[in-house]
Amino acid sequence: MRGDLLSDPVEGLDEALAVVDAFDGVLVAGLLRPGPAQAAAVAGLADAVAGTPLAVRVAEAAGRVTAGAAGEDDFVALAAARSALLGSVHDALALRIDEAFGRPGPEEMPAPAAGPEQGTNLLAAARSWLCDLARSGWRSIDHELVAGAAPVVSAMLPDPGLRRRATLLDGFAAELAASCPGATLERVPVRRWADLWSRALLLTVPGSAGERTADAVTGRLLPLGVDVQEHATAVQAQVHAVFEPADGGAPRLVRAGVSAPKPDTVVGAGLWQLLRPHMSLLGAVSEGRSMELDAMPVTVEGDLVWDDERARPGEPADAFATARVMLSAATAARVAPLDRHPVRIAVPVLLEGYTTRSEEGRLAFDLAGLTVAVDTDRMPAAGPLTPEAVAASGACVGLLRWDAGEFLLQPLAVEATVRKKTVAVHAGAWAGGTTDKAGVRAEKAATDAVAVLRERAGRLLRK
């Protein structure tokens, strides 16, 4: 590994992010009557894409925005320019990671095919609402403006082809509603709301979603670790793995995810009870086994569309052995155009031979002259992996991310020497069940909570 490539600045990165930040600031006050500072920020966005195919269209949009006469197509053009800039940042950082770890570049895969688009009228209605938000600005949102999304979302949700976009709109509107009126906000989540706004707006363009399922694969799946994302009302587990094709082709980095709604009283190891019934892969992860796949669907972005009927447990497979032998040669899938954003970077890596240190409560690995910050906040409470275990480790499989101007490592599993024996601790060790006392207590509490909720729901239904 070349640590200098991760620590050295990336040319043009700060300038691209500064342009994005300036445009995001424009959305705080809105674009109905832009002032000189807002006009300059919009012009800066147009200048930043002057050498690209977007140049003419974005320059025209910037001119109309400055004049206060922007239409929906103009807002779409500005959102596309913003997305392109963040996409360039994503690509530069991803390339730097590949170079640092000596990995092959992303595999060549066909672009998502644009199938027949349904609900164009609903997409137009969603686009109109999003443009009204941009004109108003975050500081001027109120319940009446935000409520305009409700009928559009309600009409989109029954259509499977529009459900992903409806969910995005619904979540965005819920965040805005919880922050109304915007004039009283102490702090506006400027980057987050601009990200949600621009992505939602681009997805209203017919054909932008594309066809995600592109292939079916047969071979051996070797899990590396599990990333758990928890919300008060939902939970998702995403398994990162190396796929070894049965035809002898090059190994690939893939992901398999499962999500489920949850009550806010189910936390910790109890989360696995909600997820296990939907994906047998979690049991294999917990047991340290591979999975044999037969014609498992996979998207062009490397996400397995999991089907238990197409998978069966395989031989034992150690995540660290997989990482040491195959990770450096595994190719990653290309990222979909609208997913190219620095926040989406989560690259499986193996680090060994480091020393750990803690400064101001923050854990870091020192390795070959490089200091890598460790993001222990992302480690789930639904497993035995703790900051103490990470601090005592000498090897780590984790996800390399980028946030706030630096690379961060999210541990998925660590190895440490205990009484002259190598011991591994995995964040997903409890995914398929556990005999660990803490895990057993959490699972029992979750079982009791779910039983109570079901009983109460049944009582309400009987009334």
Side-chain angles (χ1 to χ4, degrees), residues 16-46 48 58 61-62 64-86 89 123-153 165-205 231-232 338 341-344 403-404:
L17 291 176
V19 171
V20 172
D21 287 340
F23 177 75
D24 292 354
V26 169
L27 294 176
V28 175
L31 288 166
L32 184 60
R33 297 180 183 85
Q38 292 174 293
V42 174
L45 182 65
V58 176
R64 281 193 278 270
V65 166
T66 300
E72 292 182 2
D73 290 344
D74 298 316
F75 288 120
V76 171
L78 295 179
R82 181 186 183 277
S83 179
L85 278 180
L86 287 171
V89 172
L123 293 176
R127 185 162 56 250
S128 176
W129 176 72
L130 290 163
C131 290
D132 287 343
L133 285 179
R135 294 186 182 96
S136 172
W138 312 132
R139 283 293 182 191
S140 298
I141 59 172
D142 56 30
H143 288 289
E144 182 179 357
L145 174 61
V146 174
V152 181
V153 170
R165 285 172 278 196
T167 302
L168 173 59
L169 284 174
D170 191 32
F172 186 25
E175 282 196 25
L176 295 176
S179 303
C180 285
T184 63
L185 281 175
E186 293 183 6
R187 186 186 69 85
V188 176
V190 180
R191 173 65 66 81
R192 175 172 174 79
W193 283 0
D195 282 343
L196 293 171
W197 173 82
S198 59
R199 180 174 177 82
L201 187 59
L202 292 174
L203 284 173
T204 65
V205 178
H231 186 269
L338 292 187
H341 190 294
V343 77
R344 296 293 297 268
D403 185 38

Hey, could you give me the [atom1]/[atom2] distance between [X] and [Y], rounded to the nearest 0.5 Å?
X	Y	atom1	atom2	answer
L130	R135	CG	CZ	11.0 Å
R199	L86	CZ	CG	12.0 Å
L32	S140	CG	OG	9.0 Å
D142	S179	CG	OG	13.0 Å
L176	I141	CG	CD1	4.5 Å

Considering non-hydrogen atoms only, spot the tightest contact between [X] and [Y] and give its length.
X	Y	result
V146	A173	CG1-O, 3.3 Å
F172	W193	CZ-O, 3.8 Å
R139	L185	NH1-O, 2.5 Å
H143	A177	CE1-O, 3.4 Å
T204	A126	CG2-CB, 4.0 Å

With distance as the sole test, does [X] use its side chain to make a donor-acceptor pair with the main-chain N or O of [Y] at under 3.5 Å?
X	Y	answer
Q38	G30	yes
W138	G182	no
W129	L145	yes
R165	L203	yes
T184	P181	yes
S136	D132	no
T66	A62	yes

Are the side chains of [X] and [Y] in touch, meaning some heavy atoms are under 4.5 Å apart?
X	Y	value
L45	L85	yes
E72	L201	no
H341	V89	no
D74	V58	no
V26	V65	no
E175	L196	yes

Going by an N to O cut-off under 4.0 Å, is there a salt bridge joining D195 and R192? no
